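Below, all heavy atoms of this structure are taken into account, side chains as well, without hydrogens, waters or symmetry copies. Since we're looking at a predicted model, the values are computed, not measured. In what follows, every chain begins at residue 1, and chains take the letters A, B, ... in the order their sequences are listed.
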There are 2 protein chains.
Amino acid sequence: MIFKLALFNANDCIKIMLKKRITIKDLARELGYAPSTISRALNNHPGISKKTKEEVQKAVKKLGYTQNSIASNFRKNTMLSIGIIVPRIGIHFHSLVISGIEEMAYMRKYNVTIFQSQDSLDREKEIAKILQTKMVDGIIVCLALETNNYDHFNQLKDNKVPVVFYDRVPENYEASKIVINDYQSAYKATEHLISSGCKRIAHISGNPEVSIYKERLKGYKAALVKHNIPLDEKLIEYTKDLNYDEGVYSAKKFLNLEHKPDGIFCANDYTAVSTIQVFKKANYSIPGDISVVGFSNYPISRIIEPTLTTINDRAFEMGQAAANLLIRQIEEKSEIISSETVVLETELIIRDSSKSFNSHK
Amino acid sequence: MIFKLALFNANDCIKIMLKKRITIKDLARELGYAPSTISRALNNHPGISKKTKEEVQKAVKKLGYTQNSIASNFRKNTMLSIGIIVPRIGIHFHSLVISGIEEMAYMRKYNVTIFQSQDSLDREKEIAKILQTKMVDGIIVCLALETNNYDHFNQLKDNKVPVVFYDRVPENYEASKIVINDYQSAYKATEHLISSGCKRIAHISGNPEVSIYKERLKGYKAALVKHNIPLDEKLIEYTKDLNYDEGVYSAKKFLNLEHKPDGIFCANDYTAVSTIQVFKKANYSIPGDISVVGFSNYPISRIIEPTLTTINDRAFEMGQAAANLLIRQIEEKSEIISSETVVLETELIIRDSSKSFNSHK
DNA sequence: CTGAAAGCGCTTACAG
DNA sequence: CTGAAAGCGCTTACAG
């Protein structure tokens, strides 16, 4: 042991004892090269002799050097780092999106720093400011519920930091966006109910001030109009949050209607699940007496009985697409950052809560 | 507009046109101070006159300066940054933990960089190496399923980077850990079944090579022994993953037993839900004929019918505790990083899938 | 109260 | 093939 230590010079010894980080300078001193040579050897530059590179690698092992990528990236003025702002990580949809982002980012050597806005506009602004100072190369954001103004992203844009929004995206604001076609998806879901024989189709809507729920509502209405089914405002329930309890409340209102619906399209799976449970409890058969279609393809949709017909909202793919687009924009480094909108195709997953007709149009 | 621009000096003008980042040097030139003075004014140092500070703030506004916190932290040799390694972000438990970590970290001005090991040991090693280079101040990790050796964390420890493990934690390895008491929780769950009248209690176990499932199994057995109920290996089913389908498979085996169980303790909620569904389909009444208890308190446990008695595993609090402990260890900066283990109290949530007795011991 | 200088760990023209 | 020097944007002893 003593003998081994004797192979180190005094300075290195001290560093090792104090667990100070070994730097390029230490390698340089150890081998008698200039730090610039070490740097080039480490980065496998062409104009460095093979012999030198090998020597350097040996010294790396001996002294236990690990690169300081912060210093390196700082010098190169790129952090290979992307920031994410989501409302809440614990919401399953967002956790899948994040998962998709991380996966894509990891492949491309970027790392992902995550912030929760908690659906608060103030906090979202605060985070945007923090991100400003962090040298992130780009950011991905799903807007807070409260957010109705997007000025806090202007400075990022001015600084040429690309921003990609997903799911809850700004309206009338020039930016890149990843969305699904909510209108088309709702249309498809409603039409499925129609073609499976439903005549009176109700809708449980989210807050119609939020664009995605507005679009779903529109798609529902359009499908009815298209198939000459009269709209009936009594068949539309508006919720604040689309949570389970609001679903129960809405379903009960439908249940108490004189002229009850025979199909219900719900703007998410939670309200669809509570609708199923409310009608089952009231001894309705599903899909015999009433069909139910949800939206999102949450895990519970495969477990509830009957299993739930729903729209696959492609959360994971949305994350991948967001990261992909963002990284492309980062690496283009063009003077003008283009604003692109990617619309992901959704998919109607037909399960047991709706009748399936082969004569499906 | 022209007039306004005339107020800037040439160099600043160019920077603004090219959208180059404004630095302390630019402020210094603008005001005729030295960069060091600007830095001190910005950081509100005592020995800087109020007048100067105000001038600096004005120039900050005028030129649109934002601090480069990477440069600042790099100079100060702390990144205020913590790294997380989780198996998969999309698993609800982990997303709640991450949420708790982010919340605590945000309050303490740390930011959180996230990696998924995808339950692969190789990837976990790779990530540990990456983290090595990133100047993170500490890391939080839940081990990959595959991980059976912890050497890849040694260098981090050697470099005095605190590491806190949660949930799936290393065995026989000196480290800080946040866990729940799996043994005690399983004991409590099983005893609840016993005291509500069950005589033959089955168990659906996870992979018993994984310590948390081993502990749950032990707790189940201990409760039976304590209450003089004979162990019966036919009443224990081992699964690989504790997923829904494995639950169905296990429940059916119990259902086909000659001498059927009247209570089942499942090592997670997914298998508990499939157990409920299998027995309901076979026309057993729950909890009349058979009681079911799960583990984790997933959202589905409040929705399934009957609602599921389960153990609250405190995912969110686990994240908070992990971040809290980690940040304490970071800020202590003592020569020796202490290894602490925090055991969180779980809670038995009694719902409708088990009989509740007031004569509960 | 303010400034000049050195430095965090690295990279990269420039020169030889 | 290698080195000396400057610099990324900031901070901080040291000096006055």
Side-chain angles (χ1 to χ4, degrees), chain A residues 11-12 15 18-56 59-60 63-81 132-137 159, chain B residues 11-12 15 18-56 59-60 63-81 132-137 159:
Chain A
N11 205 316
D12 288 343
K15 282 228 176 177
L18 294 179
K19 301 290 178 194
K20 278 246 180 190
R21 195 168 193 134
I22 301 295
T23 72
I24 276 186
K25 275 190 199 162
D26 299 313
L27 295 175
R29 198 181 320 101
E30 170 84 13
L31 297 174
Y33 282 114
S36 45
T37 302
I38 303 291
S39 170
R40 283 188 277 247
L42 252 17
N43 290 301
N44 202 23
H45 268 236
I48 295 285
S49 76
K50 211 172 167 191
K51 184 171 141 286
T52 309
K53 284 180 188 168
E54 279 161 7
E55 282 181 73
V56 169
V60 163
L63 300 188
Y65 170 79
T66 58
Q67 193 213 36
N68 182 334
S69 68
I70 298 291
S72 161
N73 289 333
F74 171 55
R75 178 57 231 266
K76 290 190 279 191
N77 195 31
T78 162
M79 273 294 154
L80 293 178
S81 152
Q132 218 97 257
T133 74
K134 288 278 178 189
M135 292 181 79
V136 289
D137 300 293
N159 288 336
Chain B
N11 204 315
D12 288 344
K15 282 228 177 179
L18 295 180
K19 301 290 180 197
K20 278 246 181 189
R21 193 167 197 138
I22 303 294
T23 71
I24 277 188
K25 274 190 200 162
D26 299 312
L27 295 175
R29 198 180 322 99
E30 169 83 13
L31 297 174
Y33 282 114
S36 45
T37 303
I38 305 290
S39 170
R40 283 187 277 248
L42 253 17
N43 290 302
N44 203 23
H45 269 234
I48 296 284
S49 77
K50 211 173 167 189
K51 183 170 141 291
T52 309
K53 285 180 186 170
E54 279 161 7
E55 281 180 74
V56 169
V60 163
L63 301 188
Y65 170 80
T66 57
Q67 194 214 36
N68 182 333
S69 68
I70 299 291
S72 161
N73 289 334
F74 171 53
R75 178 57 232 266
K76 289 191 279 192
N77 195 31
T78 161
M79 273 292 155
L80 293 177
S81 154
Q132 218 96 259
T133 74
K134 289 276 179 193
M135 290 183 78
V136 291
D137 299 294
N159 288 337

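Atom OG of B:Ser36 and atom NE2 of B:His45 lie 10.5 Å apart (nearest 0.5 Å). With rounding to the nearest 0.5 angstrom, the OG1 atom of B:Thr37 is 12.0 Å from the NZ atom of B:Lys53. Annotation: the span from A:Lys25 atom NZ to A:Arg29 atom CZ amounts to 8.5 Å, rounded to 0.5 Å. Distance check, rounded to the nearest 0.5 Å: OG1 of A:Thr66 to CE of B:Met135 gives 11.0 Å. Here the CD-CD1 distance, from A:Glu55 to A:Ile38, works out to 8.5 Å after rounding to the nearest 0.5 Å.
Rounded to whole angstrom, the span from the NZ atom of A:Lys134 across to the P atom of D:dC10 amounts to 14 Å. When rounded to the nearest whole Å, the span between CE of B:Met79 and C1' of C:dG9 equals 11 Å. Distance CG (B:Asn44) to C1' (D:dT11): 16 Å, rounded to an integer number of Å. In this structure, A:Gln67 places its CD atom 8 Å from C1' of C:dC10, rounding to the nearest Å. One interatomic measurement links the two molecules: NE2 of A:His45 to P of C:dC10, which rounds to 14 Å at whole-angstrom precision. Rounded to whole Å, the distance from CG on A:Asn73 to P on C:dT12 is 11 Å. Separating the CD1 atom of B:Ile70 from the P atom of C:dC10 is a distance of 16 Å, rounded to the nearest angstrom. Distance OH (A:Tyr65) to C1' (C:dG9): 8 Å, rounded to an integer number of Å.
Heavy atoms of B:Ser72 sit under 4.0 angstrom from primed sugar atoms or phosphate atoms, though from no base atom.
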Where do A:Tyr33 and A:Leu27 land on the side-chain contact (heavy atoms from CB on, under 4.5 Å) test, with the steps shown first? CA-CA 8 Å; A:Tyr33 282 114; A:Leu27 295 175; over 6 Å; no
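Contact annotation: the side chain of A:Tyr65 never approaches that of A:Arg21 to less than 4.5 Å [non-hydrogen atoms, C-beta and beyond]. Contact annotation: the side chain of B:Val60 approaches that of B:Leu42 to within less than 4.5 Å [non-hydrogen atoms, C-beta and beyond].
Sorted by first and then second residue, the side-chain hydrogen bond (donor to acceptor under 3.5 Å, both in side chains) pairs with a member in residues 67-80 of chain B read A:Thr133-B:Ser69, B:Thr78-B:Asp137; sequence neighbours excluded.
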Between protein and nucleotides 2-8 of chain C, map the contacts as a letter string: B base, S sugar-phosphate only, - none, heavy atoms under 4.0 Å, written 5' to 3'. BBBBBBB
Dot-bracket for DNA chain D, please, read 5' to 3', with Watson-Crick or G-U wobble pairs under 3.5 Å on both distances, ( ) within the strand, [ ] crossing, | other strand, . unpaired. |||.||||||||.|||
